[in-house]
Every structure is written in structure tokens, then in C-alpha cells.
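Presented below is the structure to which this report refers.
Below, read A as the first sequence line, B as the second, and so on, with proteins coming before strands; counting in each chain starts at 1. Please read all numbers here as calculations on a predicted model, not as lab measurements. All values below were derived from every heavy atom in this structure, side-chain atoms included, with hydrogens, water molecules and symmetry-related copies excluded.
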Amino acid sequence: MYKVLYRDGSAKSAVMETVHGTIKTPVFMNVGTIGAIKGAVAPTDLKEIKTQVMLCNTYHLHLRPGDEIVKKMGGIRKFSTWDGPVLTDSGGFQVFSLAKLRQIKEEGVTFRSHIDGHKIFMGPEESMQIQSHLGSTIAMAFDECVPYNSSYEYTKNSVARTTRWLRRCRKELDRLNSLEDTVNPHQMLFGINQGTTYNDIRAEHAKEIAELDLDGYALGGLAVGESHEQMYDVIEHTAPYLPADKPLYLMGVGTPENILESVARGVDFFDCVYPSRNGRHGHAYTSHGKINLLNKRFETDERPLDENCNCPVCRRYSRAYIRHLLKANEMLGLRLMVTHNLAFYNNLMSEIRKAIKEGRFDEYRKQKEEDFKIESEVNK
RNA sequence: GUGGGUAUAGCGUAGCUGGUUAACGCGCCAGAUUGUGGUUCUGGAGACCGAGGGUUCGAAUCCCUCUACCCACC
């Protein structure tokens, strides 16, 4: 059950009730591809920084340790001990982003494992079966992430196929949910809208998938090379054709600024590798922009990563110490960086929800965007 | 004191049978990264090659002197 509690312009704040807990939106899902956040961040750490949803990946878990194994262990939630909601990505993006030698047909996609090169076939049914084994709260439809700059003709055909695949996903998941030994018989399904930057294809596709009455809808194939303006334009011209009473998920996005701008256009769900990957690479998010801890100027900086942050890392550790750990390749450095960055994103979402509730989101958004720009002044 | 060796960017090294803008690693600096192939990728700055003199069209490379450091011996 998804219910919008507050509206502020096009921005909205809602609650989504799931069998694994309530999700307050707008929400940033923390990416834990293989059932763990990279950087040695444990599920107990996630609880402490108020993570709401963990995002896991169908493709990766299928390869290792294998979705049958995960099912035997009681599903990804029991297996990992993360007891909150989990969203599983369908594998569609991985086929597009990392599998080489892929061959796309009506039945599905044949491609090679990035681990050992063996041939794998995945179609809508396979993706749903794997996600059912994983027992996530929300399953994503199996789609083709149409590359940016694809021709109009190719995009139109691909999107039409993604629609056919979506119907197959719905049918297969209904079957799986009704089986005796299903890990989560209440598994929900989100459909994915594609069409790159062709607004008319996006709109047509949105109307078609809206008829399927799914649990939520996502905008896919964005933040893959187009400009921010193009991305915002697509959101503005596509969101109106998707059901207003269903959550909207912008896949793979993004920077704090991207999130603020997208919330302003009605987006509820986000996920992005930035906070974790950038953390591993030494970049910390602060209320005054991103800083690179590897820079020498932090060598004896006693301040926390972000002076306006109240996360467990900022309450205790200095920039200088974390820098030292990163320089020395000590794992604790990664863990502290990633934990802070995720906490920063989670806090941002919490503040966004509060601002929407209080009807001052636009003002808040502008202030934040200004703050992010003056990074060099304050952090020097 | 004697013999031998070494001196090249912040550090560690390559180049040293003489030939255009002296190379590499680390460090430093800056960018990149958007449904994650777990410490990534791309760039940049920085050295009058210990000091002085000589040979030569031309010297980091050869010769001499000095200085510093290292090793061995007395």
C-alpha cells in the first residue's frame, strides 16, 4: 500500500507499507549488490544510519553464490540478516553495462559471465524466478536499458519488447507468488519505463505499462550519458503518464543535486553507487560539497568529515585520521567513508521529507544547492 | 689514514659503450565515475642530473679537483 501524505508542488512525501516494513519516501536505497554494502559496512551499521531499503542485484547473486543457495538459506534478508525491505534489480542493467557478447532476442538475452565467461541466458521468467528465490520485497521488471544515442527506430522496437517482457514478468511473478514454498509470496513488482531521450516514446510506453496496475514504476535508462537538463526534461514529460497513486523510482540516480531536482519533479525512490563508490575512492559528501580526503590539506584536519553531520563517523573520527587510514589502505578507512556517505544521503532524504511536510521544499532545495557549491570556502 | 663504491624531482630508482623536449614507482595536485567487475581510470606539476673545472660540434653519461654519504681494511 502506497499513500501520499504530503504534496508540495510536484514534490511528494509518502509511505509505502510492505511486508518487511514501512518505507518513507522520498527514499534513497543503499546499494548492496551482492547482499552487502561494499566497504565492509554491516547490516547493523545500516540500522544505525537509518537506512530504509537495501538494493541487491539479481545478476550478481545468481552468479554467486547462486539464487538456489540463497533460497535454501531463507532468502537474501535472512541470509544477510538485513531484516528491512529489499529491492532487487532485475539484471537488465547488467546485461547492458557489463556483459560482453550479449545477444538480445524476443525470449531474452544471452551473454557471458563477467566472472568466468560462461554463457548465461536470462529472460523475464528467469529474472522473476531468481528474484523470487532471493525473496526481495520489491522485484524489478526485466528490461532492456536502451543505450543513450540509440536511434529512434531501435529505441521504439526495444521499448515495445520491454513492454512484452513486462507482461511476461507480471504473469510469471503471479505464478511464483502463489507457489507453496515461495520465500516472499507478497513480492511486489515495479515496471520500468524506457525510451532514452525520446519523450514521445517515453510517454507512449508510460501509458502502456500504467495499464498493468503494478506496485510501482521506474524511469530507467537515465544518467547514462545525457545531460542533466535532458534527464530532468524526460522526468517532467514522462511522470504525468504514470499512475499518480503509485511510487516513482528513478533508477541509478544520483548526486545530491540530481535527487533534489528529481524530487521536485515527483520522484519517490532513488539508488546510486556514488556514496559507496566515491567513499571507497576517498570522496566524502559534506553539506558544503564533496571533498577528497586524499588531498594533503586534510593531513592534520581535526574536524569531522562534515561539521553539520551527526552520523556515528562524524561524532567520533577526524578527517586526518580517516585520511591516514585511506592512505595506508586500511579497511576501516573505507568503512568509515562509506558509512558517512550513506548516512549523509539518508539524512538528506530525511530532511527532504521534513521540508515537503512543512511545505517549504522549494526553499530548502535552493538553499541546499547553494550550500553544495560553496565547498571550497568552508572546507579549506 | 688506505682502498673501493655512490651522488639524477619530496623519497626510492632507471638512463651512464657521449647525440633532439632526462624515464619509472611512490608521494603531491586536479578531473572522471549515476539500476557497482572491491582500493579504479585520466590527466598535471615538479630535476639547470652533488659543486667547480676540463675534453668535445655536442656531456647526466668521459677526465680532473672538491664535498657528502656508504662499505672494507689499517
List the atom pairs, with distances to 0.1 Å, where a side-chain N or O of residues 336-343 of chain A and a protein N or O form a donor-acceptor pair under 3.5 Å, not counting sequence neighbours.
{"unit_1": "A:T339", "atom_1": "OG1", "unit_2": "A:R335", "atom_2": "O", "d": "2.6"}
{"unit_1": "A:H340", "atom_1": "NE2", "unit_2": "A:Y285", "atom_2": "O", "d": "2.6"}
{"unit_1": "A:N341", "atom_1": "OD1", "unit_2": "A:Y285", "atom_2": "N", "d": "2.9"}
{"unit_1": "A:N341", "atom_1": "ND2", "unit_2": "A:P275", "atom_2": "O", "d": "3.0"}
{"unit_1": "A:N341", "atom_1": "ND2", "unit_2": "A:H283", "atom_2": "O", "d": "2.9"}

Span that lies between the C1' atom of B:C41 and that of B:G18, in whole angstrom
40 Å
Base, sugar-phosphate or nothing for A:D271? Non-hydrogen atoms, less than 4.0 Å.
sugar-phosphate
Where along residues 16-37 of chain A does a heavy atom come under 4.0 Å from RNA chain B, residue by residue in number order?
A:V31, A:T33
Give me the residues of residues 239-270 of chain A where at least one heavy atom lies under 4.0 Å from an atom of RNA chain B, by number, or none.
A:M251, A:G252, A:V253, A:G254, A:N258
Given pairs defined as Watson-Crick or G-U wobble with both distances under 3.5 Å, what dot-bracket annotation applies to RNA chain B, with ( ) intrastrand, [ ] crossing, | other strand and . unpaired?
((((((((.[[[[.)...(...]]]].(((((.......))))).....[[[[[..)....]]]]]))))))).
Less than 3.5 Å apart, which donor and acceptor atoms pair up between the side chains of residues 122-129 of chain A and the rest of the protein, not counting sequence neighbours?
{"unit_1": "A:E125", "atom_1": "OE1", "unit_2": "A:R168", "atom_2": "NH2", "d": "2.9"}
{"unit_1": "A:E125", "atom_1": "OE2", "unit_2": "A:R168", "atom_2": "NE", "d": "3.0"}
{"unit_1": "A:E126", "atom_1": "OE1", "unit_2": "A:G123", "atom_2": "N", "d": "3.0"}
{"unit_1": "A:S127", "atom_1": "OG", "unit_2": "A:S90", "atom_2": "O", "d": "2.9"}
{"unit_1": "A:S127", "atom_1": "OG", "unit_2": "A:Q131", "atom_2": "NE2", "d": "3.0"}
{"unit_1": "A:Q129", "atom_1": "NE2", "unit_2": "A:E172", "atom_2": "OE2", "d": "2.9"}

Residues in ring pair (Phe, Tyr, Trp, His ring centres under 6.0 Å) contact with A:F28, at least two apart in sequence or another chain:
A:Y345
Do A:H205 and A:Y198 meet the criterion of a side-chain donor-acceptor pair at a distance under 3.5 Å?
no
Expressed in whole Å, how much space separates the P atoms belonging to B:U61 and B:C16?
13 Å
Listing time: all N or O pairs from protein to nucleotides 30-33 of chain B that are below 3.5 Å?
{"unit_1": "B:A30", "atom_1": "OP2", "unit_2": "A:N295", "atom_2": "OD1", "d": "2.8"}
{"unit_1": "B:A30", "atom_1": "OP2", "unit_2": "A:N295", "atom_2": "ND2", "d": "2.5"}
{"unit_1": "B:U33", "atom_1": "O2'", "unit_2": "A:R277", "atom_2": "NH1", "d": "3.0"}
{"unit_1": "B:U33", "atom_1": "N3", "unit_2": "A:N278", "atom_2": "OD1", "d": "3.1"}
{"unit_1": "B:U33", "atom_1": "O4", "unit_2": "A:N278", "atom_2": "OD1", "d": "3.0"}
{"unit_1": "B:U33", "atom_1": "O4", "unit_2": "A:H283", "atom_2": "ND1", "d": "3.3"}

Check ring pair (Phe, Tyr, Trp, His ring centres under 6.0 Å) between A:W165 and all other residues, then give those that pass, not counting sequence neighbours.
A:F142
Which residues, if any, of residues 207-229 of chain A bring a heavy atom under 4.0 Å of RNA chain B?
A:G221, A:A223, A:H228
Name all pairs fulfilling the side chain to side chain donor-acceptor pair (under 3.5 Å) condition that reach into residues 232-242 of chain A, sequence neighbours left out, sorted by first residue then second.
A:N199-A:D233, A:Y232-A:N258, A:D233-A:H237, A:E236-A:R265
With sugar-phosphate meaning primed atoms plus P, OP1 and OP2, does A:L325 contact a base, only sugar-phosphate, or nothing at under 4.0 Å between heavy atoms?
nothing
Quick one: side-chain hydrogen bond (donor to acceptor under 3.5 Å, both in side chains) partners of A:E180, sequence neighbours excluded?
none
Applying side chain to side chain donor-acceptor pair (under 3.5 Å) as the test, list every pair that has at least one member in residues 212-225 of chain A; sequence neighbours left out.
A:D213-A:K246
Result for 5'-nearest mapping on RNA chain B, choosing between A:N329 and A:A141, is A:A141
